[in-house]
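Worksheet: the structure to be examined is printed underneath.
Note: hydrogens, waters and symmetry copies are ignored here, and every other heavy atom, side chains too, is used. Quick note on labels: first sequence line is chain A, next is B, and so on, each numbered from 1.
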Amino acid sequence: MAPKKRIRGSTRTSQSCSKEETKTGSLSEDSVVESAQGVKGKRKAVTSGKTRKQSISKDELHERPQFCHWLMKSEPESRFENGIDVKFGIEDLKALPNQRGCWDGVRNYQARNFMRDMKEGQQAFFYHSNCKEPGIAGIVKIVKESYVDHTQFDKNDVHYDASSKADNPKWSMVDVQFERMLKRFIPLSEMKKIHLEHKARVGPLKDMALFTRPRLSVQPLTSGKWRSLPVMYTPLKVYISVNIHCSKKLREHVIITV
DNA sequence: GCCAACGTTGGC
DNA sequence: GCCAACGTTGGC
């Protein structure tokens, strides 16, 4: 009945299920760190920290900084997996009843863990991936906190996971609702350009998971990134300095007029 | 726990 | 379609 949707996974509108409890993974406030702990199953989600660029400190293992903003990737152009079109752009979300849908199909532990951290009412950028012009298209709101992703048990679904058991489901999802389009689409190419101009050392895009973890389909954003992204890319080229130096009131004004 | 092989993501 | 990056698997 319901339209399909895709993340680096996919989705359909759906209702309910129980909320999952297990919290796993770890992160740090200004850089995304791999989830290394607690993934239930035979193996850790991550191999030895020594072999990875970003190893995990003890502090990071025991602290879970709270993020308030997110970036969620989905594919706006048709692509077929096992004969099923996984297309789901922000326009597809808008077209759903109440402009609301579930973000199912996430099959990456770190992305799943971030979804489990999401709180009702929080906002996320809707990012278009694997398309002609990848980038941030709009803003959605989390309207239902994480619960069991039913597609893991559906043999006909692209994201069926035979290894997941009903009494211990592996995968979770959240419900999101369309909030608004950005006044101007923010292409990945522009974000990259800015990122390179700053040689990735300074600026609001420093350590952004979009660059440090390009394959992560659900990622957190610091408040600074959330605020400055739209500001940075206004047609007027209002720039980082605006965000850094202007008063809070002016900054908010700039942001809401973007 | 280590690590090589394999599979997937996603920009280009 | 290519392929780099990196997450996952599974033998040891």
Interatomic distance, Asn130(A) CG vs dG1(C) C1' [rounded to whole Å]: 12 Å
With sugar-phosphate meaning primed atoms plus P, OP1 and OP2, does Tyr127(A) contact a base, only sugar-phosphate, or nothing at under 4.0 Å between heavy atoms? sugar-phosphate
Whole-Å distance separating the CE atom of Met191(A) from the P atom of dC12(B): 11 Å
Separation of Leu210(A) atom CG from dC6(C) atom P, in whole Å? 13 Å
Can you identify which nucleotide, out of dT8(B), dC12(B), dT8(C), has its nearest atom closest to the Asn108(A) side chain? dT8(C)
Closest listed nucleotide, where the reference is the side chain of Tyr109(A) and the choices are dG7(C), dT8(C), dG11(B): dT8(C)
Between the base of dT8(B) and the side chain of Arg107(A), is there any donor-acceptor pair under 3.5 Å? no
What is the distance from CG of Leu188(A) to C1' of dG11(B), rounded to the nearest Å? 7 Å
Can you check the Arg213(A) CZ to dT8(C) P distance for me, whole Å? 11 Å
Mind calculating the distance between CG (Asp161(A)) and C1' (dT8(B)) to the nearest angstrom? 14 Å
I need the CD-P distance between Gln110(A) and dG7(C), as an integer number of Å. 7 Å
If only side-chain N and O atoms of Lys132(A) are considered, is one of them under 4.0 Å from the OP1 or OP2 phosphate oxygen of dC12(B)? no
Which residues pass the side chain to side chain contact (heavy atoms under 4.5 Å, CB included) test with Glu133(A), sequence neighbours left out? Phe185(A), Pro187(A), Ser189(A)
Minimum heavy-atom separation for Leu221(A) to Phe67(A), with atom names? O-CD2, 3.8 Å
To the nearest angstrom, how far is Glu77(A) atom CD from dT9(B) atom C1'? 16 Å
Not counting sequence neighbours, which residues clear side chain to side chain contact (heavy atoms under 4.5 Å, CB included) with Phe211(A)? List them please. Leu188(A), Met191(A), Lys192(A), His195(A), Leu205(A), Met208(A)
Tell me whether the rings of Phe88(A) and Phe126(A) are parallel (<30°), tilted (30 to 60°) or perpendicular (>60°). tilted
